[in-house]
Amino acid sequence: MKRFVITLITMCVFLGSFAQENSTFRFGYLSYEAALQAMPDYVKAQKELTDLKAQYQAETRRVEDEFNRKYEEFLDGQHDFPKTILQKRQTELQELMEKNIAFKESGREELIQAEKDLLAPLKIRLIELLGKIGRERGYAFIYDTDTKALPFLNPAMGEDINQLVKNALK
């Protein structure tokens, strides 16, 4: 929050001085997420991510089924087991459950990292494109409307570049 306030104050000071020096102050604005999703490689990245999620879900189901099967076997035989075998089976079930929990957490972290890795080149390409558009059109900055940090943008001073970016990405 502190960083946001400092950025906002700096931006206001910059904009105020820029507006005084340059009567043609302009900026662009767009939905960064919509632009990212408009990229041709975005669908491919999402497909890879969906396939990876499906693999993790299938493995999770498999280990859950294995745990459930062993737990049912334990319940069926617990009255007939000697105390040491009963304790051994309980320990095995506990270890299996802990491994399953660790696998789920590890899988969740790996999916998050995979998403970052798959989208990183797309984000770099989009940032480079926005820089090029900003320089060509003489913008002071390009604002991402997805952040909702500015409750008002004067459309007379700015330009909605969503379609321009989508066209440039094709």
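A quick note: this is a predicted structure, and the numbers were derived from the prediction, not measured.
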Is the backbone of Gln46 close enough, under 3.5 Å, to the side chain of Thr50 for a donor and an acceptor to pair up by distance? yes
Short side-chain to backbone donor-acceptor contact, Tyr143 and Ala149, under 3.5 Å: yes
[X] with [Y], same ILVMFWY side-chain cluster at under 4.5 Å:
X	Y	value
Met157	Tyr139	no
Val165	Phe141	no
Ile124	Leu36	no
Leu111	Val63	no
Leu169	Val43	no

Test side-chain contact (heavy atoms from CB on, under 4.5 Å) applied to Leu119 and Leu49, step by step: CA-CA 10 Å; Leu119 294 180; Leu49 193 57; over 6 Å; no
Could you check whether [X] pairs with [Y] (Lys NZ or Arg NE/NH1/NH2 to Asp/Glu carboxylate O, under 4.0 Å)?
X	Y	value
Asp51	Lys47	yes
Lys104	Glu64	yes
Glu59	Arg62	yes
Glu105	Arg108	yes

Correct closest heavy-atom pair for Leu86 and Phe74 would be CD1-CE1, 3.3 Å
side-chain contact (heavy atoms from CB on, under 4.5 Å) evaluation trace for Gln87 with Lys83: CA-CA 6 Å; Gln87 289 174 340; Lys83 186 176 180 178; 3.4 Å; yes
Just to verify, which of Met97, Lys99, Glu98 counts as forming a side chain to side chain contact (heavy atoms under 4.5 Å, CB included) with Ile101? Met97
Please round to the nearest 0.5 Å and tell me the distance separating atom [atom1] of [X] and atom [atom2] of [Y].
X	Y	atom1	atom2	result
Leu130	Arg135	CG	CZ	10.5 Å
Ile127	Leu122	CD1	CG	11.0 Å
Lys166	Leu30	NZ	CG	9.5 Å
Glu73	Asn68	CD	CG	11.5 Å
Leu118	Lys123	CG	NZ	11.0 Å
Leu164	Ile133	CG	CD1	4.5 Å

Test side-chain contact (heavy atoms from CB on, under 4.5 Å) on Phe27 and Ile161; report intermediate values, then the result. CA-CA 10 Å; Phe27 63 90; Ile161 61 169; over 6 Å; no
Take Thr91 and Glu95 through the side chain to side chain donor-acceptor pair (under 3.5 Å) test and state the conclusion after the steps. CA-CA 6 Å; Thr91 303; Glu95 288 172 359; 6.0 Å; no
Pair Asp146-Ser31, side chain to side chain donor-acceptor pair (under 3.5 Å): steps then yes or no: CA-CA 5 Å; Asp146 295 337; Ser31 166; 2.8 Å; yes
Just say parallel, tilted or perpendicular for the rings of Phe67 and Tyr71, cut-offs at 30° and 60°. parallel
Arg137 vs Glu159, test: salt bridge (Lys or Arg N to Asp or Glu O under 4.0 Å). Steps then yes/no. CA-CA 10 Å; Arg137 300 186 73 91; Glu159 180 181 7; 2.5 Å; yes
Would Tyr29 and Ile142 count as a side-chain contact (heavy atoms from CB on, under 4.5 Å) if you check the C-alpha gap in whole Å, the side-chain angles of each, and the deciding distance to 0.1 Å? CA-CA 5 Å; Tyr29 56 92; Ile142 296 176; 5.8 Å; no
